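For reference, the structure discussed in these notes is given below.
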Protein chains: 2
Amino acid sequence: MAGEGRKATGGASTGSAGAPAPAGSARPRRARDSLNRSVIIDAAIRVAERDGLSGLTFQALGTELGAHATSIYRHFRDKDELLLEVIDTLRDRSYGEALVSTGDWREDVLLVAAQIRQHYLRYAPFAHDMSARSTHRRTEFLTVEFTLNALEQAGLPPEEAALHLRLLGNYIRAMASFEATVACMDPELRVKDRVQMQVDSQGLDPVEFPHLSQHASALLPLEDPRVFDLGLEAILDSIAARADGGPR
Amino acid sequence: MAGEGRKATGGASTGSAGAPAPAGSARPRRARDSLNRSVIIDAAIRVAERDGLSGLTFQALGTELGAHATSIYRHFRDKDELLLEVIDTLRDRSYGEALVSTGDWREDVLLVAAQIRQHYLRYAPFAHDMSARSTHRRTEFLTVEFTLNALEQAGLPPEEAALHLRLLGNYIRAMASFEATVACMDPELRVKDRVQMQVDSQGLDPVEFPHLSQHASALLPLEDPRVFDLGLEAILDSIAARADGGPR
DNA sequence: ACCTGAACACCGTTCAAGT
DNA sequence: ACCTGAACACCGTTCAAGT
């Protein structure tokens, strides 16, 4: 995390130092009533996709809208409220329509997992921030309903279904967000990271760190896409076993 | 996340407005050579434990040290470097000594999982930030070595051990960090969240959301400690099965 | 060589003022 | 009623100046 690039400091206008703007108003006044939540959210998404979540400031958003930065406060209580709307809107666009049951509970879980994972990878720079937020909005409810249905189809009693709903939800978001975090490190830095890791582990005491010092290069580099499915299948197997042999 | 409290704005001194400090220097000059990385890290930990990670600013750290905020730059390149040191130091203090093999690979995995989880719950306000950072320092290597040993004891071939190392590492950090995130929401807000969730789900179309609208109250509230072990046991079972039946 | 002070370029947020 | 401008209280970071 921490720092996705070093700003860009505007291009031409908005000179607050330098020449103090000819005389008249700098930019034309934004048309009355042309601002609303939906317009602002769209602009915010454009900014975020271009500059990353850390580039999404009121300043940048104002520039994108051709409006004063503070005009957003008329439509959102604070930045966090705007952020939650952005997160849920992105989710909805990514997989709001895709959650249609296949009729097979296991396929259904794999489907929702794949959708969420793909979404995080697509918006890799915000994945970590997104993964920790509960929006309490439509797309979130859709996902819960869909997963709950799958778990009931599997034959899990209500209380166990609730536990596994949580397990799957956390697992999918967390693992996908980790995958995204490495995916969005710029490749140069990722290679440097890898080399550094090997150098570091080379310097370790081979008695204290036999595994690490022996085959560090073979073991450490990877963030392998198979890891995600490995754990998911393990959880699915566990669910299947419980549904069969459980108190029925 | 977002906002762990609304600052405190100093108590008495440092009045930059109000009265502009009698005349002489405000605070005594910090003794020469009394500042070093270790002293700064300790102070940073004190501040973080008191005010949360978001309260750990150079300003606050300077005050804690009785030194100028910018004096820290002589000892750390930037804030991120300081943060990584803080993270690894905390890890080391929490479970640096605890990773002693039990002789049973399964017990060993449960041990390292319990230690890391406990650590995140203890430092719940930074858990989410910590979970995404690789420090490449001693405690991290210790954890990897310990886990790798357990997986080899289980009988996993090297490549599969590497994959499962990643799976376990991500699973443990991610699940613990989610647990911590809810744990550190202040209780009042958590209850409000819960009620809000029920109200929201009440308003849903019962045809489109049968499970949710029916027994939302029973299903949604919990962040149950059992969830963590549920997934962990599933992964352990999967490892055991692979180690037995795999290419041996 | 080590610490300080002032300054810079940002943040989010508030509120009185313009239209 | 909606948008703007100026101001406030912060950030991290740089750099010339003090000791």
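Please read all numbers here as calculations on a predicted model, not as lab measurements. In what follows, chains carry the letters A, B, and so on, assigned in the order in which the sequence lines appear, proteins first and then strands, with residues in each chain numbered from 1.
- Listed candidates were C:dT14, D:dT19, D:dA1. Nearest to the side chain of A:Arg32 is D:dA1.
- Between A:Tyr95 and A:Gln118, the side chains place no donor N or O within less than 3.5 Å of an acceptor N or O (distance only, hydrogens not considered).
- Under the 3.5 Å distance criterion, with hydrogens and angles disregarded, no donor-acceptor pair is assigned to the side chains of A:Thr89 and A:Arg93.
- At whole-Å resolution of the value, CG in A:Leu35 and P in D:dA1 are 17 Å apart.
- B:Ser71 places no side-chain N or O within 3.5 Å of a backbone atom of B:Ala67 that could act as its donor or acceptor partner.
- Note on A:Ala60: nothing from the nucleic acid sits closer than 4.0 angstrom, heavy atoms only.
- In this model, no side-chain donor or acceptor of A:Arg74 finds a partner on the base of D:dA1 within 3.5 Å.
- Between the P atom of C:dT13 and the CZ atom of A:Arg77 lies a distance of 10 Å, rounded to the nearest Å.
- Look at A:Glu179 and B:Arg166 and you find no salt bridge, because none of the NZ, NE, NH1 or NH2 atoms lies under 4.0 Å from a carboxylate O.
- Using cut-offs of 30° and 60° for the angle between ring planes, the B:Phe141 and A:Phe209 rings count as perpendicular.
- When the side-chain nitrogen and oxygen atoms of A:Thr57 are compared with OP1 and OP2 of C:dC11, one or more of them lie within a distance under 4.0 Å.
- Rounded to an integer number of Å, the gap from CG of A:Asn36 to P of D:dC2 is 11 Å.
- Distance, B:Asp80 CG to D:dG12 P: 12 Å, rounded to whole Å.
- Here A:Ala67 lies in heavy-atom contact (under 4.0 Å) with sugar-phosphate atoms only.
- Between A:Leu53 atom CG and C:dC11 atom P the separation is 14 Å, expressed in whole Å.
- Nucleotide D:dC11 holds its P atom 12 Å from the CD1 atom of B:Ile72, rounded to whole Å.
- Look at C:dC10: it lacks any Watson-Crick or wobble partner with both distances under 3.5 angstrom.
- On a pure distance criterion of 3.5 Å, a polar donor-acceptor pair joins the side chain of B:Thr70 and the base of C:dG5.
- When the P atom of D:dT13 is taken as reference, atom CD of B:Gln59 falls 14 Å away, rounded to whole Å.
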Exercise. Go through the steps for A:Arg138 and A:Glu145 under the test salt bridge (Lys or Arg N to Asp or Glu O under 4.0 Å), then give the verdict.
Key: CA-CA 11 Å; A:Arg138 185 183 164 76; A:Glu145 177 69 25; over 6 Å; no
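- For A:His75, a side-chain nitrogen or oxygen approaches OP1 or OP2 of D:dC3 to under 4.0 Å.
- Two residues, A:Ser71 and B:Lys79, neighbour DNA chain D, and the one matched to the more 5' nucleotide by heavy-atom proximity is A:Ser71.
- A sub-4.0 Å separation between OP1 or OP2 of D:dG5 and a side-chain N or O of A:His68 is present.
- The side chain of B:Tyr73 lies closest to D:dT14, out of D:dT14, D:dC2, C:dC3.
- Spacing between atom CZ of B:Phe58 and atom C1' of D:dT14 amounts to 12 Å, rounded to whole angstrom units.
- Across all strands shown, C:dC15 forms a Watson-Crick or G-U wobble pair, both distances under 3.5 Å, with D:dG5.
- Within 4.0 Å (heavy atoms only), B:Arg30 reaches sugar-phosphate atoms of the nucleic acid but no base atom.
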